[in-house]
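When reading the values below, keep in mind they use all heavy atoms of this one structure, side chains included, and skip hydrogens, waters and symmetry mates.
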Amino acid sequence: MAANRATLIALTALAPVSWGTTYAVTTEFLPPDRPLFTGLMRALPAGLLLLALARVLPRGTWWGKATALGALNIGAFFPLLFLSAYRLPGGLAAVVGSVGPLFVVALSALLLGQRPTTRNVLTGVLAAFGVSLVVLKAAGALDPLGVLAALASTASMSTGTVLTKRWGRPEGVGPLALTAWQLTAGGLLIAPLAFLVEGAPPALDAPAIGGYLYLALANTAIAYWLWFRGIGRLTATQVTFLGPLSPLTAAVVGWAALGEALTPLQLAGMALAFGATVAGQITARPAPVPTTGRSPERDARDDAPRLTDAAGAAVRPRL
């Protein structure tokens with residue numbers, strides 16, 4: 001049981017690790033000054049691909065819930081995140097984002113009835129402090145709009161994480177379909193904003209096409225499927241304490257691939273943030289039974305593409 005839980009945490013952690021490569025891919029391969037178009041290319045193709053695989057559409061109240069989750073986790077989060085990154089210096093956007101665990105602790109108490117513990121609050125503070133040592137650099141006056149965008153993006157993703165845990169999934173629907181709904185809804189919300197603000201899509205060369213393919217497939221489709229799958233089986237607090245792995249990965253990629261130096265203070269911050277991430281898993285209470293009451297095997301069946309017989313009735317393949 002403990003081994004299965006450790007494997008689940010490790011797989012979920014691959015999502016923020018993947019997100020930590022976004023900065024390097026964006027700066028090295030993608031057209032400059034196109035944050036909204038980049039957000040659109042991350043979300044919509046990935047959502048449509050997963051939707052084609054899942055072959056399940058929302059029903060009833062889930063049209064509204066899927067749209068709300070897509071707006072919070074994708075449609076609002078991506079533009080606000082990119083806006084803060086462009087306007088804030090020295091990795092400050094990452095520092096503001098690292099307070100996400102504290103947002104989730106507070107929202108979990110409000111929406112999930114999970115009373116915050118001193119350990120969770122202290123661990124969240126230590127994680128944010130460790131990230132600040134890694135990414136925060138000397139800078140001039142702060143941009144108020146950038147700070148507000150960073151706080152809003154963190155609040156948006158944190159709220160989406162907690163609501164995803166609160167609402168669970170409809171009966172018979174797996175995490176693949178839930179991820180597809182959110183990415184598609186979020187991408188459709190970003191699309192008009194991207195064309196209104198940034199105009200027509202830019203010309204793409206081979207490196208840009210490869211970069212967008214990586215962002216859409218590995219960085220978004222697979223990563224968000226692992227993330228929402230983890231939310232369904234772990235506590236919201238456990239999942240969000242994996243978030244600091246994203247700026248830590250960005251720092252490691254910058255050192256390994258972009259030739260950026262890591263100071264002793266940054267290494268100490270990385271150790272502190274990573275230790276807080278691990279503590280967020282160890283000290284958390286055991287995850288409750290998934291809200292849908294399904295086993296991992298049932299989830300696998302729910303994620304399988306649906307086939308139809310000659311009469312058009314749904315048929316599930318045997319796994």
Closest non-hydrogen atom pair between Gln114 and Thr237, with its separation: OE1-OG1, 4.3 Å
- prompt: side chain to side chain contact (heavy atoms under 4.5 Å, CB included) between Lys65 and Leu163: does it pass, once the steps are laid out?
  reply: CA-CA 9 Å; Lys65 290 180 179 180; Leu163 285 179; over 6 Å; no
query: Do any N or O atoms from the side chain of Ser108 and from the backbone of Val104 form a donor-acceptor pair under 3.5 angstrom?
result: yes
Side-chain atoms of residues 39-54: list all donor-acceptor pairs with protein atoms under 3.5 Å, sequence neighbours left out, distances to 0.1 Å.
from	atom 1	to	atom 2	distance (Å)
Arg42	NE	Asn219	OD1	3.2
Arg42	NE	Thr220	OG1	3.2
Arg42	NH2	Asn219	OD1	2.6

query: Leu204 and Leu30: same hydrophobic cluster, using ILVMFWY side-chain contacts below 4.5 Å?
result: yes
field: Distance-minimising heavy-atom pair for Phe77 and Ser153
entry: CD1-O, 3.2 Å
field: Approximate separation, where rounding is to 0.5 Å, of Ile74 CD1 and Leu188 CG
entry: 12.0 Å
field: Verify same cluster id: Val239, Trp225 (apolar side-chain graph, 4.5 Å)
entry: yes
- prompt: Would you call Phe195 and Pro201 a side-chain contact if the rule is heavy atoms closer than 4.5 Å?
  reply: yes
statement: So OG1 of Thr179 and CZ of Phe228: to nearest 0.5 Å the spacing works out to 5.5 Å
- request: Determine the minimum heavy-atom distance between Trp63 and Pro58, stating which atoms define it.
  value: NE1-O, 2.9 Å
message: Please enumerate all residues that pass side chain to side chain contact (heavy atoms under 4.5 Å, CB included) together with Leu242, with sequence neighbours excluded.
response: Ile9, Thr12, Ala13, Pro16, Trp227, Leu245, Thr277, Gln281
query: Out of curiosity, does Leu248 fall in the hydrophobic cluster containing Leu11 (side-chain heavy atoms, cut-off under 4.5 Å, transitive links)?
result: yes
task: Measure the spacing between CG of Leu217 and OH of Tyr212 and express it to the nearest 0.5 Å.
output: 14.5 Å
- request: May I ask you to list the residues sharing a hydrophobic cluster with Leu193, side-chain cutoff 4.5 Å, ordered by chain and number?
  value: Leu36, Val197
- request: Provide the closest heavy-atom pair for Pro116 versus Ala109 in the form atom of the first, atom of the second, distance.
  value: CD-CB, 3.6 Å
query: Roughly how far, to the nearest 0.5 Å, is the CZ atom of Phe241 from the CG atom of Asn120?
result: 5.0 Å
- request: Quick one: pull up CG in Leu111 and OG1 in Thr159 and give me the separation to the nearest 0.5 Å.
  value: 7.5 Å
query: Of the non-hydrogen atoms in Gly232 and Lys165, which two are nearest, and what is the gap between them?
result: O-NZ, 3.6 Å
- request: Report yes or no: does Trp181 contribute a side-chain atom to a donor-acceptor pair with the main-chain N or O of Val56 at less than 3.5 Å?
  value: yes
field: Set of side chain to side chain contact (heavy atoms under 4.5 Å, CB included) partners for Val25, sequence neighbours left out
entry: Phe29, Tyr214, Leu215
task: Taking the side chain as every heavy atom from C-beta outward, state whether Phe103 and Val162 have any atom pair closer than 4.5 Å.
output: no
task: Run the numbers on Trp62 and Val173 for side chain to side chain contact (heavy atoms under 4.5 Å, CB included), then give the verdict.
output: CA-CA 11 Å; Trp62 268 97; Val173 172; over 6 Å; no
Euclidean distance, Met157 CE relative to Leu80 CG, rounded to 0.5 Å: 12.5 Å
task: Check the hydrophobic clustering (I, L, V, M, F, W, Y; side-chain heavy atoms under 4.5 Å; chains of links allowed) and say if Ile222 and Leu8 are grouped together.
output: yes
task: Could you pull out the closest heavy-atom pair between Val131 and Pro247, with the gap in Å?
output: CG1-CG, 3.8 Å
- request: Could you tell me whether the side chain of Ser156 and the main chain of Ala152 form a donor-acceptor pair under 3.5 Å?
  value: no
field: Side-chain donor/acceptor of Ser158 to backbone N/O of Ala155, under 3.5 Å
entry: no
message: The criterion is side chain to side chain contact (heavy atoms under 4.5 Å, CB included); which residues satisfy it with Leu265, sequence neighbours excluded?
response: Leu133, Thr263
- prompt: With sequence neighbours left out, which residue pairs that include part of residues 182-210 fulfil the side-chain hydrogen bond (donor to acceptor under 3.5 Å, both in side chains) condition?
  reply: Asn73-Gln182
- prompt: Do Thr123 and Pro101 touch side chain to side chain, with heavy atoms closer than 4.5 Å?
  reply: no
- request: Using modelled atom types only, decide if a donor and an acceptor are shared between the side chain of Arg169 and the backbone of Leu178 within a distance under 3.5 Å.
  value: no
task: Verify, without hydrogens or angle tests, whether Thr240 (side chain) and Ala236 (backbone) share a donor-acceptor contact under 3.5 angstrom.
output: no
field: Path from Val17 to Trp19 over hydrophobic side-chain contacts below 4.5 Å
entry: yes
